[in-house]
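This report concerns only the one structure given below.
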2 protein chains.
Amino acid sequence: MSNPTPKQILFEQLARIAAALGSAARLDLLEILAQGERSVDQLASLTGHSVANTSQHLQKLRQAGLTLGRKEGQYVFYRLAGDEVLRMLAALRQTGETHVAEIDRLVHDYFSSRDQMEPVAAADLLDRARKGLVTVLDVRPAEEFEAGHVPGAVNIPIEQLGKRLGELPKRKEVVAYCRGPYCLMSYEAVELLRRKGHKARRLENGLPEWRLAGLPVELG
Amino acid sequence: MSNPTPKQILFEQLARIAAALGSAARLDLLEILAQGERSVDQLASLTGHSVANTSQHLQKLRQAGLTLGRKEGQYVFYRLAGDEVLRMLAALRQTGETHVAEIDRLVHDYFSSRDQMEPVAAADLLDRARKGLVTVLDVRPAEEFEAGHVPGAVNIPIEQLGKRLGELPKRKEVVAYCRGPYCLMSYEAVELLRRKGHKARRLENGLPEWRLAGLPVELG
DNA sequence: TTAATATTCAATTAATCACTTGAATGATAG
DNA sequence: CTATCATTCAAGTGATTAATTGAATATTAA
């Protein structure tokens with residue numbers, strides 16, 4: 001008797017979406033997928049989980065409508081379903097930073113406070129980069145850079161930065177960015193650059209947020 | 001060995017928030033709490049669950065930072081932690097409607113298509129209500145009306161609407177609203193009003209979305 | 001104090017989840 | 001065709017979850 005009402009069914013469906021976000025492993029996958037599409041194999045090695053486990057997480061994300069899969073040869077490439085997913089993740093971060101003391105503390109201790117100098121806002125950066133006043137540095141892996149980056153940015157993946165410092169002009173300020181607000185790579189980059197005598201700051205967010213803000217993205 | 005990185009801890013925390021949203025019962029509670037604060041008792045009877053079960057859901061929401069509790073006498077009143085929560089719920093709905101075929105279908109079949117005439121946009125309503133061109137009808141329970149409503153709105157809870165039709169001027173168009181986009185009460189109201197010869201339409205959203213849009217809210 | 005009421009806690013059950021392991025599918029290369 | 005590789009499926013384990021029931025706590029009313 002008493003069938004579920006349409007509203008109950010709807011809430012059940014929405015709950016499935018939220019539940020798919022309710023796992024640190026899947027949030028990790030989504031952060032990577034926000035940079036561009038990736039095969040199951042790549043995702044497994046980037047997150048450090050087994051391929052089978054990664055595949056199952058990806059299926060849960062796909063069933064929730066958060067990702068899409070594309071089969072090419074023997075590879076399956078997953079990507080985010082759309083910008084709504086990025087917006088939902090941003091809303092989730094915002095809620096956490098505002099209402100969960102533990103998150104606020106973590107963000108302050110490990111992120112905000114490491115970046116002594118004020119991070120650069122996206123709109124400011126574009127302007128100054130076009131005038132040639134700063135070097136924009138993308139420290140993500142090459143695949144992610146190729147899938148889209150800040151126009152004019154230089155790509156030096158974080159683990160190569162130490163050896164390739166010579167490629168950066170010493171006089172100009174460097175603005176580094178990576179995957180997003182909770183990605184540590186740009187923090188590490190700024191610390192390394194400052195130790196070596198560069199003037200360096202972080203972009204306040206990563207490329208997905210840049211793109212979502214409607215700012216121009218360069219490919220390849 | 002290998003301690004979790006700050007990012008992992010952060011994602012774990014964010015996942016806890018998302019997991020708290022990952023239950024239809026809790027989404028139901030949040031929709032009610034979006035209208036204003038409520039005691040455990042009231043929430044239990046409004047959702048049709050046991051008090052103990054409701055209390056446990058509320059604690060999960062509170063631990064995730066989504067709700068706050070206030071003790072007054074022997075009652076504990078819960079409320080939403082802030083507008084970020086509403087924004088996250090809006091992002092969740094948006095994601096679902098865009099990327100989950102089942103949700104899109106349900107919304108079309110049970111919601112959009114029942115409302116033949118185009119729903120009224122919030123900004124339009126405020127203008128026309130001030131000019132006295134429409135009667136704004138709030139069909140939510142009295143407590144929710146008192147906690148905040150569209151300025152000048154008349155409150156007739158949906159279950160009393162049949163008997164109290166006389167209170168509405170027959171010539172003016174009626175615009176009805178309730179808790180939110182997935183709340184059926186305003187649909188029922190519009191159907192009833194039209195059967196009785198009124199010109200009636202729905203407001204596109206409920207009061208929480210109205211308030212979130214920065215539109216004025218009247219109390220008491 | 002005693003009784004009544006609102007809420008939370010504790011214990012239980014059935015269901016679901018994350019992860020592992022090993023096998024099954026499906027596409028490509030030799 | 002056979003071997004190889006990427007991915008998915010299926011089964012199993014330990015942990016977590018939603019809901020129920022009954023007891024415990026805390027506030028108010030008599």
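We use all heavy atoms of the structure for the numbers below, so side chains are in, but hydrogens, waters and symmetry mates are not. The chains referred to below are lettered A, B, ... by the order of the sequence lines, with proteins before strands, and numbering in each begins at 1. All figures in this text were calculated on a predicted structure; none of them were measured in a lab.
We find that CG of B:D41 is positioned 13 Å from C1' of C:dA4, with the value rounded to whole Å. Regarding B:R38, its CZ atom lies at a distance of 12 Å from the P atom of C:dT7, rounded to whole Å. Between the NE2 atom of A:H57 and the C1' atom of D:dC9 there is a distance of 16 Å, given to the nearest Å. Here the C1' atom of nucleotide C:dA10 and the CD atom of B:Q59 are 12 Å apart, to the nearest Å. Atom CG in A:N53 sits about 9 Å away from atom P in C:dA18, given to the nearest Å. Protein atom CZ of A:F77 is 17 Å distant from nucleotide atom C1' of D:dT8, rounded to whole Å. B:E37 places its CD atom 12 Å from the P atom of C:dT7, with the value rounded to the nearest Å. Computed from coordinates, the A:L61 CG to C:dA18 C1' distance equals 14 Å when rounded to whole Å.
Considering only the side chain of A:S55, D:dT7 comes nearest among C:dA6, C:dC19, D:dT7. Listed candidates were C:dA18, D:dT8, C:dT8. Nearest to the side chain of A:R26 is C:dA18. When each of D:dA18, C:dT8, D:dT7 is scored by its nearest atom to the side-chain atoms of B:K60, the top-ranked nucleotide is D:dA18. Of the candidates C:dC17, C:dT20, C:dT7, C:dT20 carries the atom nearest the A:S50 side chain, counting heavy atoms from C-beta on. When the nucleotides C:dC19, D:dC9, D:dA19 are ranked by their closest atom to the side chain of B:A25, D:dA19 comes out on top. The side chain of A:A52 sits closest to C:dT21 out of D:dT7, C:dT21, C:dT8.
Among the heavy atoms of the strands lying under 4.0 Å from B:V40 are primed sugar atoms or P, OP1, OP2 only; no base atom is included.
For B:Y78, a side-chain nitrogen or oxygen approaches OP1 or OP2 of C:dT8 to under 4.0 Å.
Ring-plane geometry between B:F111 and B:Y187 is classed as perpendicular, the angle between the planes exceeding 60 degrees on a 0 to 90 degree scale with a lower cut at 30.
At least one side-chain heavy atom of B:L193 sits less than 4.5 Å from a side-chain heavy atom of B:L137.
Salt-bridge annotation for B:E118 and B:R201: absent, with no side-chain N of the basic residue lying under 4.0 Å from a carboxylate O of the acidic one. Ion pairing of A:E72 with A:R70 is present here, as a side-chain N (NZ or NE/NH1/NH2) and a carboxylate O approach within less than 4.0 Å. A salt bridge does not link A:R179 to A:E209: none of the charged nitrogens lies less than 4.0 Å from a carboxylate oxygen.
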Using a cutoff of under 3.5 Å, can you pull out all pairs of nitrogen or oxygen atoms linking the protein to nucleotides 25-30 of chain D, with atom names and distances?
none

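The minimum heavy-atom distance between A:I156 and A:R164, with the atom names listed, is CD1-O, 3.8 Å.
A donor-acceptor contact under 3.5 Å links the side chain of B:Q56 to the base of D:dT20.
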Enumerate, atom names and distances included, each donor-acceptor pair closer than 3.5 Å involving a side-chain atom of residues 13-23 of chain B, sequence neighbours excluded.
residue: B:Q13; atom: OE1; partner: B:R16; partner atom: NH1; Å: 3.1
residue: B:R16; atom: NH2; partner: B:Q63; partner atom: O; Å: 2.4
residue: B:S23; atom: OG; partner: B:A25; partner atom: N; Å: 3.3
residue: B:S23; atom: OG; partner: B:R26; partner atom: N; Å: 3.2

